[in-house]
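In what follows, a structure is listed as structure tokens, so that the remarks can point back to it.
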2 protein chains.
Amino acid sequence: METCKVDTALEILMGKWKHRILFELTKNDVMRFNELKRAIPGITQKMLTAQLRELEHHDIVIRKVYAQIPPKVEYSMTEYGKSLHPLLDAMHEWGSKHAIHLKELEANESLKEHNA
Amino acid sequence: METCKVDTALEILMGKWKHRILFELTKNDVMRFNELKRAIPGITQKMLTAQLRELEHHDIVIRKVYAQIPPKVEYSMTEYGKSLHPLLDAMHEWGSKHAIHLKELEANESLKEHNA
DNA sequence: CCGCATCCCCTGCGATACTG
DNA sequence: CAGTATCGCAGGGGATGCGG
């Protein structure tokens, strides 16, 4: 195998909010629209809808509509989407360690500036 | 731990070419500028430079300059950057499987269109 | 409650040309 | 060989308002 398939994985995560949505859906198995919106500070309705649609289109997330008033829509990960869990966990773990590393870097840089 | 650190990991990979660069640098331990450029079809000099600079700034990649004419610059991953290897592998592996899943999805959709 | 439509801005990226 | 400098555009994404 020669070609790089990392981008194929990244395509799924691409977009400013997709990973946050997935992160929430790994913590809570099933969530309603506004529940997600509240859980993700800063996201707009437009973006939440758009990103969810893309995830749905990629068969990562499933959308369940209850025909009632007021409307009720539930989102959850598909069985296939759940195959992303280990990956998300790994990224989360690496990210946590990197956050620490970042602080060290910043500390060093402010030292340099201080000495300059 | 409550906050999502997946984005911290994604920040490293963000940008159209970063993952490709890292992918090459996992295959070949150390590469020269033009060697990378040749290995990554479609990338421009500007982008290659920019992305390398960011990776360098994040302490993922190291840049070694030889003071000679013609110039010679070598890029390689830092020890710290190598901690990304397992993650990149995992993404590559998931991506490979997903590429197959994608074909099934497309097949289903063309079926739907055909029946419509 | 859930979502679509519209407008607009900003930046990521490409193309191209120039230097030590 | 290994970069910088400049220009320009497409589209991702924010703000806002309407609709079932």
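Bear in mind that the values here come from a model prediction, so they are computed numbers and not experimental data. Letters A, B, ... mirror the listed sequences (proteins, then strands); counts begin at 1.
- Taking the side chain as every heavy atom from C-beta outward, Ile12(B) and Trp94(A) approach each other to under 4.5 Å.
- Residues Arg32(B) and Asn34(B) are not in side-chain contact: their nearest non-hydrogen atoms beyond the backbone lie 4.5 Å or more apart.
- Between Arg32(B) and dA2(D) there is a side-chain N or O to OP1 or OP2 distance below 4.0 Å.
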side-chain contact (heavy atoms from CB on, under 4.5 Å) between Tyr80(B) and Ile60(B), worked out: CA-CA 6 Å; Tyr80(B) 178 69; Ile60(B) 304 296; 4.2 Å; yes

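- When each of Gly42(B) and Pro71(A) is assigned the nucleotide of DNA chain C with its nearest heavy atom, Pro71(A) is the one assigned upstream, toward the 5' end.
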Enumerate the protein-to-nucleotides 4-7 of chain C contacts in which both atoms are nitrogen or oxygen and the separation is below 3.5 Å.
| unit_1 | atom_1 | unit_2 | atom_2 | d |
| --- | --- | --- | --- | --- |
| dC4(C) | OP1 | Arg53(A) | NH2 | 3.1 |

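- Side-chain atoms of Val73(B) lie closest to dG3(D) of the nucleotides dG14(D), dG3(D), dC1(C).
- Tyr66(B) comes within 4.0 angstrom of nothing in the nucleic acid, heavy atoms only.
- In Lys72(B), the NZ atom is crowded: over 12 heavy atoms of neighbouring residues, nucleotides or ligands sit closer than 6.0 Å.
- When all heavy atoms of Val61(B) and Leu22(B) are compared, the pair lying nearest together is CG2-CD2, 4.2 Å.
- Taking side-chain N and O atoms only, Lys37(A) has no distance below 4.0 Å to OP1 or OP2 of dC1(C).
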Tell me which donor-acceptor pairs under 3.5 Å the side chains of residues 43-54 of chain B have, and how far apart each pair is, sequence neighbours excluded?
| unit_1 | atom_1 | unit_2 | atom_2 | d |
| --- | --- | --- | --- | --- |
| Thr44(B) | OG1 | Met47(B) | N | 3.2 |
| Thr49(B) | OG1 | Gln45(B) | O | 2.6 |
| Glu54(B) | OE1 | Lys18(B) | NZ | 2.9 |

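- For Thr44(B), taking side-chain heavy atoms from C-beta onward, the closest of the listed nucleotides dG3(C), dA15(C), dG14(D) is dA15(C).
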